[in-house]
Enquirer: 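One structure, pasted below without further comment.
Indexing begins at 1, ligand by ligand and atom by atom, following the structure's order.
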Amino acid sequence: MTENCIFCKIIAGQIPAKKLYEDDKILAFWDINPAAPVHFLVIPKKHVSGPAALAEEDQDLVGKLLRDGARLAKENGIDHFRLVMNNGSEAGQTVFHLHMHVLGGRHLTWPPG
Ligand code: 5GP
Ligand code: ZN
């Protein structure tokens, strides 16, 4: 657990979150400030600060995030969805524990702002 990391605290149960899935490697929970009717986050239990900090040994973990995110989207009623990972503040990253946004349930415009 990394000090002062809000998502590590959610994983440790020190901050409550509305969970939708958990196993030994990942946790999925609903975003506190949803940007779409369906908006949840899928995070690794291992602290990684963001996409640029991924190591070679994390490749399977990222594949699992993506596959489980897509499965959970379908299980929560959306066949059309967007997967987003922000890297760095200019790209919109505000929490520096790797997370994949899963968004859907409305028409999503492209490109993003
Ligand atoms: P970022 O902007 O870093 O890509 O995404 C961070 C996301 O985490 C935001 O969508 C924000 O609403 C969400 N978030 C931040 N703090 C909390 C929290 O304590 N609980 C939950 N469920 N979501 C959070
Ligand atoms: Zn963390």
Side-chain angles (χ1 to χ4, degrees):
M1 161 148 176
T2 298
E3 284 288 307
N4 298 322
C5 173
I6 194 165
F7 287 178
C8 281
K9 287 183 179 167
I10 287 176
I11 291 162
Q14 293 173 5
I15 291 177
K18 215 175 144 203
K19 297 178 184 177
L20 51 304
Y21 177 76
E22 181 169 18
D23 62 27
D24 58 327
K25 298 249 183 324
I26 69 164
L27 173 66
F29 56 98
W30 296 101
D31 197 291
I32 204 166
N33 185 23
V38 176
H39 184 184
F40 59 87
L41 304 172
V42 191
I43 67 173
K45 288 195 167 174
K46 170 187 175 181
H47 180 91
V48 178
S49 62
L54 285 162
E56 192 171 356
E57 66 185 32
D58 299 325
Q59 292 202 51
D60 286 354
L61 183 59
V62 177
K64 178 174 166 55
L65 278 185
L66 209 142
R67 279 183 20 102
D68 283 4
R71 174 179 59 78
L72 291 166
K74 199 170 173 59
E75 286 176 11
N76 284 275
I78 49 170
D79 287 320
H80 299 198
F81 52 86
R82 184 171 296 165
L83 307 177
V84 176
M85 283 190 196
N86 295 322
N87 190 89
S89 56
E90 207 166 312
Q93 188 177 10
T94 59
V95 177
F96 291 84
H97 179 127
L98 182 78
H99 50 282
M100 184 178 72
H101 296 260
V102 182
L103 297 142
R106 67 168 168 80
H107 183 80
L108 299 168
T109 56
W110 190 263

Enquirer: For the Zn ion (ligand 2), what is the closest N, O or S atom on His47?
Expert: ND1
Enquirer: Looking only at N, O or S atoms, find the one in His97 nearest to the Zn ion (ligand 2) and name it.
Expert: ND1
Enquirer: Please confirm whether Ala17 approaches ligand 1 to less than 4.0 Å, judged on its heavy atoms.
Expert: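 Contact check Ala17 vs ligand 1: negative.
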Enquirer: So, His101 versus His99, ring centres under 6.0 angstrom or not?
Expert: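 His101 vs His99: aromatic centres under 6.0 Å.
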Enquirer: Considering the heavy atoms of His99, write down every atom of ligand 1 situated less than 4.0 Å from one of them.
Expert: 1 (P), 3 (O), 4 (O), 5 (O), 6 (C)
Enquirer: What I want to know is whether Leu41 and ligand 1 share at least one N or O pair that is separated by under 3.5 angstrom.
Expert: no
Enquirer: Which ligand 1 atoms does Asn33 reach within 4.0 Å, using its non-hydrogen atoms?
Expert: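 Selected atoms, number and element: 12 (O).
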Enquirer: Could you check atom 7 (C) of ligand 1 against the protein and tell me its nearest heavy-atom contact, residue, atom and distance included?
Expert: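 Atom 7 (C) of ligand 1 sits closest to the protein heavy atom Asp31 OD2, 3.5 Å.
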Enquirer: Within the supplied structure, the quantity of interest is the number of heavy atoms (other residues, nucleotides, ligands) at a distance under 6.0 Å from Lys74 NZ; does it exceed 12?
Expert: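 Atom NZ in Lys74 is not packed in, count stays at 12 or less.
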Enquirer: Identify, by atom number and element, the atoms of ligand 1 in contact range of Gly92, meaning under 4.0 Å from any of its heavy atoms.
Expert: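 Ligand 1 atoms under the 4.0 Å threshold to Gly92: 1 (P), 2 (O), 3 (O), 4 (O).
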Enquirer: Considering the heavy atoms of Thr94, write down every atom of ligand 1 situated less than 4.0 Å from one of them.
Expert: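 In order of numbering, the contacting atoms are 1 (P), 2 (O), 3 (O), 5 (O), 6 (C).
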Enquirer: Any nitrogen or oxygen of Ile10, side chain or backbone, less than 3.5 Å from one on ligand 1?
Expert: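 No: no nitrogen or oxygen of Ile10 is under 3.5 Å from one in ligand 1.
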Enquirer: Aromatic contact between Phe81 and Phe40, with the criterion being ring centroids under 6.0 Å apart: yes or no?
Expert: no
Enquirer: Is there a heavy atom in His101 that sits closer than 4.0 Å to ligand 1?
Expert: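 Contact check His101 vs ligand 1: positive.
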Enquirer: Does only the side chain of Asn86 get under 4.0 Å from ligand 1, or the backbone, or both, or neither? Count heavy atoms.
Expert: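 The answer is the side chain.
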Enquirer: Heavy atoms only, cut-off 4.0 Å: how does Trp30 contact ligand 1, side chain, backbone, both, or neither?
Expert: backbone
Enquirer: What part of Val84 sits under 4.0 Å from ligand 1 if we count only heavy atoms: the side chain, the backbone, both or neither?
Expert: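 Looking at Val84 and ligand 1, no heavy atom falls under 4.0 Å.
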Enquirer: At the 4.0 Å heavy-atom cut-off, does Phe7 count as touching ligand 1?
Expert: yes
